[in-house]
Amino acid sequence: MRKEYDFSGGRRGAVIPSSGKTRITIMLDNDVLEYFRERADSHGTGYQTMINAALRSAIDRSKGDEEPLTVAKLREILRQELHAPIARTGD
């Protein structure tokens with residue numbers, strides 16, 4: 001180990017640059033989270049990836065609408081996803 005290190009060119013922050021994603025904290029109903037976890041397990045993917053895909057789908061559908069994406073609309077979309085049939089692979 002050196003006795004001294006030069007940090008004059010150093011910068012604060014993450015060592016690895018962001019990949020276009022932001023870490024947030026979000027409160028979801030237990031049944032919604034459980035649904036996405038179970039569905040993700042059956043599809044062999046991550047539940048956060050599935051939630052992101054459902055939200056992206058909601059955004060894509062709402063782009064043609066005049067009304068903005070509201071909490072009520074988001075809940076409606078998540079309920080639709082909860083009741084959608086689960087596609088099984090390998091059957």
Side-chain angles (χ1 to χ4, degrees):
M1 249 172 84
R2 298 181 191 171
K3 289 186 178 188
E4 289 187 32
Y5 291 90
D6 180 16
F7 294 105
S8 62
R11 295 187 321 196
R12 292 183 67 133
V15 176
I16 301 171
S18 173
S19 63
K21 295 189 177 197
T22 303
R23 180 181 302 271
I24 64 165
T25 300
I26 184 171
M27 300 295 287
L28 299 174
D29 293 338
N30 291 336
D31 58 334
V32 171
L33 185 57
E34 186 60 31
Y35 166 79
F36 278 102
R37 283 183 172 161
E38 288 175 3
R39 192 166 174 198
D41 281 346
S42 69
H43 283 82
T45 186
Y47 72 94
Q48 292 176 347
T49 301
M50 294 195 95
I51 293 171
N52 195 53
L55 293 173
R56 186 171 304 282
S57 174
I59 291 169
D60 291 344
R61 286 188 298 226
S62 71
K63 282 185 179 176
D65 298 343
E66 292 295 321
E67 62 186 69
L69 182 60
T70 63
V71 171
K73 184 71 173 173
L74 182 57
R75 285 183 177 152
E76 176 187 337
I77 292 165
L78 289 173
R79 284 189 190 105
Q80 290 171 1
E81 289 293 322
L82 283 170
H83 297 295
I86 298 174
R88 297 180 184 250
T89 57
D91 285 345

Within the 4.5 Å heavy-atom criterion, are Leu28 and Ile51 side-chain neighbours or not?
yes
Can you name the closest pair of heavy atoms from Ala40 and Gly46 and give their distance?
CB-C, 3.6 Å
Under 3.5 Å, is there a donor-acceptor pair between the side chain of Tyr35 and the main chain of Glu81?
yes
Rounded to the nearest 0.5 Å, how far apart are CG of Asn52 and NZ of Lys21?
5.5 Å
Neighbour count >12 (heavy atoms, 6.0 Å) for atom CG, Asn30:
no
Looking at CZ of Arg75 and CD of Gln80, how far apart are the two atoms once the value is rounded to the nearest 0.5 Å?
14.5 Å
Heavy atoms only: give me the nearest Tyr47-Phe36 pair and the separation to one decimal.
CB-O, 3.6 Å
Please report the interatomic distance CZ(Arg79) to CG(Asp31), rounded to the nearest 0.5 Å.
9.0 Å
Does some side-chain heavy atom of Leu55 sit less than 4.5 Å from a side-chain heavy atom of Leu74?
yes
Common cluster, Leu82/Met27, ILVMFWY with side-chain heavy-atom separation under 4.5 Å:
no
